[in-house]
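Beneath this line is the structure, given in structure tokens, with notes to follow.
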Amino acid sequence: MEALSDLNSFAKILTDKGYNGYFHTQGAYAGKLKDSITDYLESCQKGADSLPKQDLLLTGYLQWSGEDKPRVECSMWVQYLNGKFSLNKMEVAKKDRFGQLLKKSELANLSVISAPKAVEAVALVNDEPKQKAGNSPKGFKL
């Protein structure tokens, strides 16, 4: 099990890995990763919201090209304990323009350190052909 990180360290590691877009914490509090979590926790302190019994849910887009294009969404389940954070699970989902699931990848037993970079997470659900340079399909000559 990973050591728990304070919010600054937790957010910096994920932001450095490319998770630098906007997120929602528990379905609200839109903002950059650290700002979204901070706004949520402040709301809990004021009594306007309450901490979940389980993990915090952070959601955001890793790839967005417009309303009429497929997108890649990311959900992270984050443990929050005594002011410290740890990443437990991540789900990356590619959806069409109507929100229908095209492909999904679930990553469990994660830590903030072992989590993939955002571009690697997107690659898990994108089906672009991966062909090595110089290789051509069998029977095809250049």
Side-chain angles (χ1 to χ4, degrees), residues 1-2 4-81 83-142:
M1 171 145 176
E2 90 174 283
L4 299 174
S5 305
D6 62 60
L7 180 55
N8 287 331
S9 300
F10 180 81
K12 179 170 178 14
I13 292 167
L14 287 173
T15 301
D16 289 349
K17 288 185 175 211
Y19 298 93
N20 53 11
Y22 287 86
F23 284 84
H24 287 101
T25 301
Q26 296 298 104
Y29 310 97
K32 297 292 186 175
L33 197 61
K34 181 181 173 190
D35 297 335
S36 177
I37 295 171
T38 299
D39 289 350
Y40 170 71
L41 294 176
E42 285 174 358
S43 181
C44 289
Q45 287 175 341
K46 293 175 186 169
D49 217 325
S50 58
L51 288 172
K53 297 195 184 326
Q54 298 293 320
D55 299 336
L56 296 176
L57 176 61
L58 304 176
T59 54
Y61 294 110
L62 297 183
Q63 191 174 67
W64 176 269
S65 302
E67 293 275 337
D68 60 337
K69 305 272 190 311
R71 59 188 176 263
V72 177
E73 300 175 1
C74 177
S75 298
M76 293 184 237
W77 284 264
V78 177
Q79 181 182 11
Y80 176 65
L81 189 63
K84 303 284 186 178
F85 299 84
S86 69
L87 179 63
N88 291 332
K89 182 172 99 170
M90 181 184 289
E91 182 181 287
V92 183
K94 183 173 185 175
K95 295 184 178 179
D96 69 13
R97 64 188 186 131
F98 303 109
Q100 297 295 311
L101 182 66
L102 300 173
K103 188 171 182 181
K104 179 169 81 171
S105 181
E106 292 184 30
L107 306 168
N109 301 318
L110 282 181
S111 73
V112 72
I113 303 299
S114 70
K117 291 181 179 176
V119 293
E120 295 166 342
V122 169
L124 293 172
V125 295
N126 272 340
D127 290 329
E128 279 132 34
K130 293 176 184 148
Q131 213 175 62
K132 292 181 182 168
N135 287 352
S136 58
K138 274 189 172 176
F140 183 71
K141 303 244 182 212
L142 295 176

Margin query: I'd like to know if Glu67 pairs up with Arg97 as an ion pair, taking the criterion as any Lys NZ or Arg NE/NH1/NH2 lying under 4.0 Å from an Asp or Glu carboxylate oxygen.
Written below: no
Notebook entry, point to check: Do we see a donor-acceptor contact under 3.5 Å between the side chains of Asp39 and Ser36?
Noted result: no
Note to self: Suppose we screen for ring pair (Phe, Tyr, Trp, His ring centres under 6.0 Å). Which residues come up paired with Trp77, at least two apart in sequence or across chains?
What the structure shows: none
Next item on the list: Please round to the nearest 0.5 Å and tell me the distance separating atom CG of Asp96 and atom CG of Leu101.
Entry: 9.0 Å
Check: Does some side-chain heavy atom of Glu73 sit less than 4.5 Å from a side-chain heavy atom of Val92?
Finding: no
Notebook entry, point to check: Does the side chain of Tyr80 reach to within under 4.5 Å of the side chain of Leu41, using non-hydrogen atoms?
Noted result: yes
Next item on the list: Taking all non-hydrogen atoms of both residues into account, name the closest pair between Ala11 and Leu33 and its distance.
Entry: CA-CD2, 4.1 Å
Next item on the list: Can you measure from OG (Ser9) to CD1 (Ile113) and round to the nearest 0.5 angstrom?
Entry: 9.0 Å
Check: Atom CG of Leu102 and atom NZ of Lys95: how far apart are they, to the nearest 0.5 Å?
Finding: 10.0 Å
Check: Asp55 versus Lys89: any side-chain heavy-atom pair under 4.5 Å?
Finding: no
Item checked: Taking every non-hydrogen atom, the tightest pair across Val122 and Gln63 -> CG1-NE2, 3.8 Å
Check: Step by step, would you call Phe85 with Leu56 a side chain to side chain contact (heavy atoms under 4.5 Å, CB included)?
Finding: CA-CA 10 Å; Phe85 299 84; Leu56 296 176; 4.0 Å; yes
Notebook entry, point to check: Quick one: OG on Ser114 to CE on Met90, what's the gap to the nearest 0.5 Å?
Noted result: 8.5 Å
Checklist line | Pairwise distance SG(Cys74) to CG(Leu62) - rounded to 0.5 angstrom | finding: 4.5 Å
Item checked: Check: Lys34 main-chain N/O paired with Thr38 side-chain donor or acceptor under 3.5 Å -> yes
Check: Rounded to the nearest 0.5 Å, how far does CD of Gln54 lie from CD of Gln79?
Finding: 10.0 Å
Margin query: Less than 3.5 Å apart, any donor N or O on the side chain of Glu91 or Ser75 sitting next to an acceptor on the other?
Written below: no
Margin query: Around atom CG of Asn109, are there more than 12 heavy atoms from other residues, nucleotides or ligands closer than 6.0 Å?
Written below: no
Check: Can you name the nearest heavy-atom pair linking Leu110 to Ala115, along with the distance?
Finding: CD2-CA, 4.1 Å
Check: NZ of Lys103: more than 12 outside heavy atoms within 6.0 angstrom?
Finding: yes
Checklist line | Tyr19: ring pair (Phe, Tyr, Trp, His ring centres under 6.0 Å) partners, not counting sequence neighbours | finding: none
Check: Does anything in residues 42-51 pair up under side-chain hydrogen bond (donor to acceptor under 3.5 Å, both in side chains), and if so which pairs, sequence neighbours excluded?
Finding: Tyr29-Ser43, Tyr29-Asp49
Next item on the list: Compare all side-chain heavy atoms of Leu51 with those of Tyr40 and state whether any distance is below 4.5 angstrom.
Entry: yes
Notebook entry, point to check: Would a 4.5 Å heavy-atom cut-off, applied to side chains only, mark Leu107 and Pro116 as touching?
Noted result: yes
Check: Side chains of Leu57 and Thr25: closer than 4.5 Å at any heavy-atom pair?
Finding: no
Note to self: If you count every heavy atom of other residues, nucleotides or ligands that lies below 6.0 Å from Lys12 atom NZ, does the total exceed 12?
What the structure shows: no
Check: Tell me, do Arg71 and Lys69 make a side-chain contact under 4.5 Å, heavy atoms counted?
Finding: no
Next item on the list: Return yes if a side-chain donor-acceptor contact under 3.5 Å exists between Lys32 and Asn20, otherwise no.
Entry: no
Next item on the list: Evaluate the side-chain proximity of Ile37 to Leu58: yes if any heavy-atom separation is below 4.5 Å, no if none is.
Entry: yes
Item checked: Worked check of side chain to side chain contact (heavy atoms under 4.5 Å, CB included) between Met76 and Phe23 -> CA-CA 10 Å; Met76 293 184 237; Phe23 284 84; 3.5 Å; yes
